[in-house]
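Atom set for the values below is all heavy atoms of this structure, side chains included, hydrogens, waters and symmetry mates excluded.
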Amino acid sequence: MLSSTRAIKLIQKLLRTGKPKIFHLIPRSLCSQAELPQPPESPESPDLPTWLRDDQISATKDADDDDFVIPPLSSLFAKPGYGTHVRVARRLLSGANDADVDKVSQILKNRYPTPNGVVQALSRCDVKVSRDLVMHILKRFSNDWVPALGFFTWAKDQTGYVHDPEVYNFMVDALGKCKQFTLMLELVEEMKGLEGYVSLNTMAKVIRRFARARMYENACEAFGKMESFGVARDVAALNILMDALVKECSVESAQSVFLKFKDLIPPDSNTYRILIHGYCKARKLVEARRTMEDMEQQGFQPAAFAYTCFIEAYCRDRDFRKVDAILEEMQEKGCKPSIVSYTIIMHALGKAKQTNEALEIYEEVKRNGCVPDASFYGSVIFVLSDSGRIKDAWDVFRDMAKQGIRPNLLVYNTMIASACAHWQGTHALELLQKMEEDSIKPDVKTYAPLLKLCCKKKALRVLKLVLNHMFANDVSIDLGTYELLVRGLSMSGKLEEACMFLQEAVSKGMVPKDKLFMSLLEDLQGQGLTEAEENVKKLMKSCQATRKERDYASFVEA
């Protein structure tokens with residue numbers, strides 16, 4: 001614990017305030033500055049300040065890296081009965097009894113070989129099962145299918161409780177996310193026996209999970225079987241299938257589905273837009289143009305969305321001349337760009353380090369009478385932060401209230417990432433607290449920058465607190481987060497902790513890539529950690545075997 005004297009000095013050091021300089025393109029905010037954490041002084045120059053460069057960081061860090069959690073946040077990290085587990089400032093799912101949630105969670109945190117083992121372990125659990133409790137637990141363990149399915153099965157058999165369709169759909173999606181496709185389909189078959197349980201939403205989850213695993217034929221097969229589950233195979237369902245294929249980099253499969261069903265299921269404007277998006281994403285712009293012409297021949301106007309697909313493609317290539325040409329074409333055809341179009345352009349200009357040009361987009365938005373939304377402001381914040389103008393980014397963040405725009409999850413994630421990129425861990429944690437006060441539930445992307453910063457600063461105490469905060473907010477750690485932790489801790493010399501997280505990921509049925517194992521093994525070599533090195537090799541062989549089994553199963557099913 002910090003002494004009161006040291007705490008006061010720390011607060012003074014970390015929470016200095018100054019007269020804000022409002023970003024000149026945005027009107028002065030009417031917000032009270034006391035409502036939000038104050039940003040530190042920072043140059044207005046687009047260049048990154050020297051005191052923030054990597055080679056200067058060591059001179060600015062506190063002697064004790066763990067102490068970037070300040071006393072006002074202590075309420076965020078203190079919960080009786082959790083030990084070091086955090087207390088969420090405002091529970092976003094308040095229907096379930098916290099004691100029951102904690103009791104079930106403690107049981108599920110033990111490792112079980114099968115879901116049946118979980119069911120047996122829960123047989124002596126005396127909690128009252130409710131829908132809120134079930135959703136609470138399933139969200140908390142959504143990336144760990146054994147305890148999730150075991151709890152789902154146990155809860156289903158409890159007297160006075162029945163899973164509703166939404167709970168079933170969540171479990172279907174969780175199994176698909178964990179690549180347990182056989183179990184996922186078995187659960188859908190079970191839902192088929194419950195009248196009205198299988199819906200378009202259910203089949204959409206199945207299709208998207210197959211597509212995300214690059215099992216395109218299985219996704220198409222699920223679409224073909226929809227009517228056997230009592231779900232209409234109409235244009236809405238067709239669009240879901242095509243959209244899933246396009247988003248997972250298979251526009252060819254989407255085109256094949258389109259040609260196969262267009263005479264049986266008349267396409268609508270969204271069908272063509274999905275194809276245009278797919279071709280633009282694959283950089284097949286000739287085919288995208290041809291699809292747009294076909295769309296017009298069928299009597300559908302392309303609208304801003306279709307043109308935005310071309311804008312996005314050219315922005316990825318940083319070909320801003322062609323972006324301007326598309327905007328001129330839209331103007332000639334009387335098609336007004338949407339705020340999404342402008343957001344994409346501004347973000348791309350910012351990433352290309354053309355900061356002034358990016359900020360000029362705001363003036364163009366005003367000239368065209370386009371109303372900025374939260375995502376647009378999020379991109380303004382990103383551009384300013386990425387160019388080193390962190391203080392301007394905070395000013396824009398505060399100005400959103402005057403514009404009548406409430407910061408959403410994306411904006412908060414951008415602000416937290418910005419604070420962490422500039423080594424302002426305390427401000428990032430304050431933003432996390434502010435999110436909860438605004439009843440905005442964090443997701444895994446909210447925590448990733450904080451976890452990365454903790455690894456860089458070797459702040460293991462804070463790292464544990466942040467992970468516990470994720471757990472308390474029912475944010476299940478996915479494979480990407482485990483990989484971040486393993487890489488970050490390994491690079492910081494915390495090899496034992498890196499090995500621990502790797503083993504935990506594998507124990508949950510996750511299959512990291514060989515590259516992660518090889519990198520960790522390279523760091524372990526020469527450190528005298530022979531036992532850890534051998535354990536990592538065994539884990540890698542286990543994952544290689546699992547990967548081969550999954551690949552073979554996918555081949556057989558296809």
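The side-chain hydrogen bond (donor to acceptor under 3.5 Å, both in side chains) test applied to K179 returns no partner, not counting sequence neighbours. For S379, the side-chain hydrogen bond (donor to acceptor under 3.5 Å, both in side chains) partners two or more places apart in sequence, or in a different chain, are H347. Under the ring-ring contact (aromatic ring centres under 6.0 Å, His included) criterion, F261 pairs with F223, not counting sequence neighbours. E252 meets the side-chain hydrogen bond (donor to acceptor under 3.5 Å, both in side chains) test with K284; sequence neighbours excluded. Looking at residues two or more places apart in sequence or on another chain, you find a side chain to side chain contact (heavy atoms under 4.5 Å, CB included) between N169 and M191, S199, N201, T202, K205. Listed by chain and number, the residues in a ring-ring contact (aromatic ring centres under 6.0 Å, His included) with Y279 amount to none (sequence neighbours excluded). Shown here are the ring-ring contact (aromatic ring centres under 6.0 Å, His included) partners of F258, two or more places apart in sequence or in another chain: Y272. For S519, the side chain to side chain contact (heavy atoms under 4.5 Å, CB included) partners are D523, not counting sequence neighbours. Under the rule for a side-chain hydrogen bond (donor to acceptor under 3.5 Å, both in side chains), K281 has no partner lying at least two apart in sequence or in another chain.
Sorted by first then second residue, the salt bridge (Lys or Arg N to Asp or Glu O under 4.0 Å) pairs that include residues 326-343, not counting sequence neighbours, are R289-E329, E296-K333, E329-K333. Note on residues 302-313: pairs passing salt bridge (Lys or Arg N to Asp or Glu O under 4.0 Å), not counting sequence neighbours, are E312-R316.
Comment: D514 engages R547 in a salt bridge, judged by a side-chain N to carboxylate O separation of less than 4.0 angstrom. With respect to the salt-bridge test (charged N to carboxylate O, under 4.0 angstrom), the residues K366 and E363 qualify.
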What side-chain donor-acceptor pairs closer than 3.5 Å can you find for residues 318-326, not counting sequence neighbours?
| from | atom 1 | to | atom 2 | distance (Å) |
| --- | --- | --- | --- | --- |
| R318 | NH2 | K351 | O | 3.2 |
| D319 | OD1 | K322 | N | 3.4 |

